Each structure stands twice: as C-alpha cells, then as structure tokens.
Protein chains: 2
Amino acid sequence: MDDRKKIILKAIVDDYVRTCEPVGSKSLVRRHNLSYSSATIRNEMAELEEMGLLIKPHTSAGRMPSDKGYRAYVDNLLSLPEIPLEEEIAARQFLSENLREAREMIERTAEYLAEKTNYLSVVLSPQYSDTSLEQIKIMMIEPGRAIVVLVLSPGVVHDRLIRIPSLIDEKDLQEIGHAIERCLAGKRLDDITLVTISSAAEATDLPEVLVNQVLYEAYIAIKQTERIDVYIDGKYQLLKHPEFRDVNRASRFYDVVRQEQMVAGYMREMEQEEEQNIVEGLDKIEKMESAPKALATQKDRPAYMVRIGQEIALSGMEDMSFITTTYRIGRQISGQIGVIGPKRMEYGNIISQISFVNRVLCDVAKDHYARGGDHPAIEG
Amino acid sequence: MDDRKKIILKAIVDDYVRTCEPVGSKSLVRRHNLSYSSATIRNEMAELEEMGLLIKPHTSAGRMPSDKGYRAYVDNLLSLPEIPLEEEIAARQFLSENLREAREMIERTAEYLAEKTNYLSVVLSPQYSDTSLEQIKIMMIEPGRAIVVLVLSPGVVHDRLIRIPSLIDEKDLQEIGHAIERCLAGKRLDDITLVTISSAAEATDLPEVLVNQVLYEAYIAIKQTERIDVYIDGKYQLLKHPEFRDVNRASRFYDVVRQEQMVAGYMREMEQEEEQNIVEGLDKIEKMESAPKALATQKDRPAYMVRIGQEIALSGMEDMSFITTTYRIGRQISGQIGVIGPKRMEYGNIISQISFVNRVLCDVAKDHYARGGDHPAIEG
DNA sequence: ATTAGCACTCGAGGCAGTCGAGTGCCAATG
DNA sequence: CATTGGCACTCGACTGCCTCGAGTGCTAAT
C-alpha cells in the first residue's frame, strides 16, 4: 500500500469517525486540503474498496471503512495523542484521594475511563498469580456464624461470612483457626486443596465432624478469593452514540454486557493472547514488520489489544470494538482494563487514554501498597 | 364519579397501558364488549377530559390518561392479581438458595423483581434503627494496616480496612481493640460519637497520639455501617419500552438513575410519608373514603406507595412512575423495595409483585436469621 | 499518471392526495 | 331525558411524485 493510499485511508477513517456518515471524494479533498483532485481520490478509493478496506452502503454514496479498513488503520496509521501533564496530575489525584481499599481504586479507574472516553469501560479486579496465604483468622459472630478473614501475600484482604456448627464455641473456633493457620500459612493458593486443608483436623482434639464443617467453609472462602470482580462504568453514555439509535441493536449489546462474568472471562482470554503477541510483536518490530493485533510499544510502556467487530468472539458484540490492556502491579498482581465502543471509535485517543490510565493505576497502586501508616492525625 | 365513568376510565387505562396508543370510543366498545354505543362513550370521555383525567394529543385522536387519570385508576380502580403458589415456591427458592450473606438476599430481590416486572427495580439495604453495637474486633493485617469487624445487634456484620500508625504492634492493637469494645459494646449506634469513643483512650497505657488515630478510624468504620447500599437491576430492559425510543429522554432518565444515592435518599423520604399515609389511610378506610397515596391494605399485608409523573420529586423522572414498599424484618430492620417504569405501567401487576416480593423477602430473612448452624457436612 | 467533464444513481426532503380512526354536535328515539 | 345514529370535520400516517445534492464510474484530454 503506497503512501497516498495510506493518507487517504486515514483521512476517511478520521472523517467517518467524526461524522458517522459515508465520506465522498470531493468533501474529502475539501476538508483535508489534499493536493489531488477528487477524481484521483475516486480512483484510489475504488482500489481501496477492491482491497476490502472500504465499503459503500449503496452505489452512489460515499465510502466507509470496513472491519479490515479499521484494522489497517489501527495497525499502521494510528496517531496517539499525548496526555497533558495537568490531566495526569488530576487523574492521579482522583484515583488516590482518600483511598482505603484496593476495590475503590479499581472502581475509580472504571469511572475515570468512562468519563474520559464517553464509551463503556470495564476493569477487572486483580488476579494474583503465585499468591500465597499469609494469614487466616476466624472470628465468632454468634453461635452458628463466623467470619473468615484472609490476608494474601501482596497485602490483599478478603473476608466472608460462614456458618459453623452451633455447638462450637469461641474457644474451639480459635483453636480450629490456629490449626488452619499453622497448616496453610505461607502456602500458595493453588496448592490449597480440600486434602491439604483437612490435615488441619488432626491438630485438634475436637470432634472431627465439627471441625470438618469449618474446614470446608474456610476452604470455600479461600477459593472465593479467586473470583474475578468486574467493574463496568459508562453503560448509558453509549446510548448517545448514533449507532445505538436502533433499540434492538442496543438491547442485544446490553444483553451481553449484563453477563459481566462472560465479558470478564473473555478479557482474561485476550490477556493470554496479548502476551503471545507481545513476543511476536517485538519479533516483528525487529524485522520491521507490523505486529498484528497487539502493538507492543517500547519496553515499560504498556501494550494493548484491539478487537474490531467480528474479531470479538462474544456474540452480540459484532458491531463493537474492544480495546484492552493489562495492568501489572509488581510481579504477582495483574488485571485487565478495557473500553468498549462502536467500531466507529476514536482509536488513537482511546488507546492513549487506556495506556495512560494503566500507567497511573500502577503508580497509584504501588504507592498505596508501599505507603506505611502515615496518616492524618485524629481530629476532634 | 358514577360507575360507568369508572368502567370507562379503567378500560381506557388498561388499553393504553397495553398498546401505548390513544384509545378511541369505537375501538373501546369493540374491545370490551361494552353495552353502550360509541357516542355515549364519547360523551363520557368528554366529561372525563373535563375532569382532567384524560387528555388528547390532538383534536382528532383518541384519549390517553393524564397523571390525574392514572392517579384515579391507582387509587380506586386497581385490580391486584394473585400470585400463584408455584411462583411463590420458586421465588422463595431463588432468594434463599445457598444464601450466606444478607447482601445476597437483597441483590437477588432486585434481580427477581426486575426479571418479573420488566421494569427497573431498586432495593435498599436495610437500615437499622435502634441498633446497637454488639462486638467490635480489630485485627492486624500488616504493620500500618488493620481490619475492623463490627457485629450489630440483629446479627449483621460489617467490616472495613483501616490504616493505623505503623508503630503499633499486634499486642497494642489487641489492647486498643478490647478497650474500644469495653467502651462501646451494647451502645446504640446513635449514641456513639467521637466523644464517647475517645473515652476508650483512657483505658490504655499507650501513647495517646497512637490510640487516637485508631479510635478515629474505628469511629469512621462504625459510622460507615449506616451507609445505604443500593441495588438496582433491570436498567436495560426499560429501553425496550416505546417511551424510551427518544434517546434524550432515555439519557435524562439514566442520568438520574446513575445517582444511586439520590434515588436512595428519595426512597427513604417516601418511607416516612408512607408511614404517615398508613395512619391516615386506615383512618379513611374506616370512614369509607379512599386513601390518597398509600393504600394500607389489610393488616399484616404490606402497604405500598405510588408516585406518578410530576409527583416524583426527582428532576428527570417526570415521565416515570415509581412504586415503593417498605420491608421490615423484625422491629429493628427496615428497607425499601421499588420499581420504576414509564407512567404507562401495569400498576396492578407491579403492585402485586412488589408486595409479594416484600412478603417473601421477609420470610426468607427471618428464616435466614433464625436458622442455626445446621449445614451440609464436609465432603471430600 | 492525473484530471476535467459528463452521465448516472440514490437518498433526503418537500408537496399533494387519500385513507382511516378519531372527534363534536345535533336531532331522533324508547 | 339519557341514549344513539348520523354527519361533518380533523389530523396523522401513508403513498406517490418531484427535485436537489452529493456521490459514483468512465472516458478523453493534458
């Protein structure tokens, strides 16, 4: 593809993204001050159409990008705007202000991204690979009920209410708790199974039936920590985009979004693929080719993935584009950030934003975990 | 208003709710096999219009109910369908299956209601009036961080991560925790203030600066338990209703819904009013008049409130109707259940549903709190 | 290789006419 | 005297027709 074709394709995509209307040769020349006549453009357009990059809604209309056209645009023609410093300061402030729990950080990330992009944002809570259980405490609430508090190695805390046999009293529970802790503390989550945990039973003198039930509940609580939490924001703003005029289309889309766990699962899959692509991508960059779906940017800057239309393997999303990136906090913690919008999306801008947010989130998180107990003094 | 007018008004509202189209005299006669001619109906309609119960979009169109028309319908003409027994069994099952935390119960209530009504459902987490603090435990996570676990009198558990001075070690923290518990246990939440809690400082030998900070954080954690959690479901189904064709209208509505805390606050207000109305309502029922906004049904059956159009004091909701009811679990716990839909709403059906769900929720909750530690044994 | 020019296409928008489901009103009626 | 049949009128929805403008592809000239 020669340079002129590239310029024209880029111009068409840019215009179409702005206006949502098929763009014609004449107006393209006018709007971009091109140094070719409209006839030339027409010829080029015809060729681009033959290559499958453009489509015409009907004979006498202008052209709009096909999925393949967007693909080419994203892979080769993208310009990524810089995020100004004052915005960085604001974002950092927004994410870190009055921060207490990791959950809030994730929620705010989703909120910020939705706000800035006007599309739908999805942020997955961190997954902990190679994480181990540091502490486990069980506390009596009342006869029959207790709370399990788990501390994982990167300082993450989970808790869950459980039911226990009402015969167990506070002292018994303490004892069982200590037994479990002795048995599991320091173990990797993956290594904790019903079998490992049941060995804790041997360390107590209490009747096995009682202990076993507590062990089982504790086990469930531990496994529960691996659930992915999904934070979605900006659901409604999408309605403002013209492609959502069609109610059926909108409904079909929202039917997918409702199934948050499915979206989350899909994002995790994309993460795997992204990792592969980074490797391939670096490879290709050396050979001066272009990476296919993931653009691994210079080291230390986060990579991202773009899925366009049919490429999204979630039925109901065929008309959308999905941009994701993986955030990593230290080695153990990783999660996903994503933006979903119409195919007619401001790719450059969104990719800048998502990479930017990724970076800020990591910084804030590191800060959060590092910062000790320095804290404003008590008032009143 | 004579009986015939009532029949006609009811027929018009029913038809309009079904079709969303102005209903004319002739088709009304046809559809309902009325024993009057269309001319008679026309005369009656003209009078109903004069009374402000009906409106015409233009001269030669049929009539549709005005806000006041809906009001009259809801207050006097409603027929409340019975919920069949098998649905009751299913609902009970759905709400109580594998239930661990109270939160899940509320979430599921919202889900069930949205599913059944095809409108938007809002459920507020319980508020505890006259609640006291039963236990408070503080546990060290790592230097600088701890978790506060609070148990309130109806067996409700809250927790929150806090920051503490990193100089404090596990033993100190225990000591402070016990001091707080001694000082606060059994106290009503309303009676706990920064002053009461700070008296706990005197019970320890630790440096006041350190203790004060923990006390402050614990205080925040306690106050935090009074936050209202809002569970909303069915946001998207509303899009399927024809009144949401207009994107601007939809956007305006969603702008309100996004502000969940505002909606929650408004529902709490409605609760107050409902209580008043029940009293007045009972009064009026004795005098054989009709209650205005809240229809206090026979004792033990829950009351509900209906707000129609302009009556909703949330700007952006003028085109909607809002039905709420208060659930009460025992004396101390109460919360709100609501359904929001277009004014053209199946009032009878929704009111039946919402009252029904209220009843089931209460039953399940009582069950949940009563049930001891009887639980399936450990497997594996 | 580029471009000016021309014939052709197609959707959007404006206009007139028809149709159907309404209405209000009046005079006839049991 | 409440009810009803009949009639004239209204208005939105639909249809067909026309024009306009922004496109296109193709060809011949530069």
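Order of the sequence lines sets the chain letters (A, B, ...), proteins ahead of strands, with each chain counted from 1. None of these values were measured; they are calculated from a predicted model.
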Quick note, B:T40 side chain, CB onward, closest among D:dT3, C:dG24, C:dA4 is D:dT3

Rounded to whole Å, CE of B:M64 lies from P of C:dG22 at a distance of 15 Å

Distance only, no hydrogens: is a donor on one side chain within 3.5 Å (strictly under) of an acceptor on the other, for B:D233 and B:Y112? no

Rounded to whole Å, the NE2-P distance (A:H58 to C:dC10) equals 8 Å

- Item | Distance-only side-chain donor-acceptor flag, A:D15 / A:H32, under 3.5 Å | yes

By nearest-heavy-atom nucleotide on DNA chain D, the more 5' of A:R30 and B:S35 is B:S35

5'-most contact on DNA chain C (nearest-nucleotide basis), B:S60 vs B:N43, goes to B:S60

side-chain N/O B:R4 vs D:dT3 OP1/OP2, d < 4.0 Å: yes

Whichever of B:A61 and A:G24 has the more 5' nearest nucleotide on DNA chain D, that residue is B:A61

Requested in this report: Would you classify B:S38 as touching base, sugar-phosphate or nothing, given that sugar-phosphate means primed atoms plus P, OP1 and OP2, and contacts are heavy atoms under 4.0 Å?
Outcome: nothing

Between CD1 of B:I55 and P of C:dT23 the distance, given in whole Å, is 14 Å

* When you check the side-chain N and O atoms of B:Y236 and A:D255, is any donor under 3.5 Å from an acceptor? -> no

To the nearest angstrom, the CD-P distance between B:E49 and C:dC25 comes to 11 Å

Atom CZ of B:R63 and atom C1' of D:dT10 are separated, to the nearest Å, by 13 Å

Original post:
Are B:K56 and C:dG24 close enough that a side-chain N or O sits under 4.0 Å from OP1 or OP2?
Top reply: yes

Paired with A:S25, the side chain to side chain donor-acceptor pair (under 3.5 Å) test is passed by just one of A:E44, A:R63, A:R42, namely A:R42

Tightest non-hydrogen contact, residues A:A110 and A:S121, listed as O-OG, 2.7 Å

Considering only heavy atoms and no angle criterion, is a donor-acceptor pair shorter than 3.5 Å present between the side chain of A:T59 and the base of C:dT9?
no

Between CG of A:L54 and P of D:dG25 the distance, given in whole Å, is 11 Å

(Q) Strictly below 4.0 Å: does A:S25 bring a side-chain N or O up to OP1 or OP2 of D:dT24? (A) yes

B:I41 atom CD1 is separated from C:dA21 atom P, nearest whole Å, by 18 Å

From NZ of B:K26 across to P of D:dT10 the rounded distance in Å is 17 Å

Note to self: Counting distance alone, no hydrogens or angles: does the base of D:dG6 have a donor or acceptor under 3.5 Å from a partner atom on the side chain of B:R42?
What the structure shows: yes

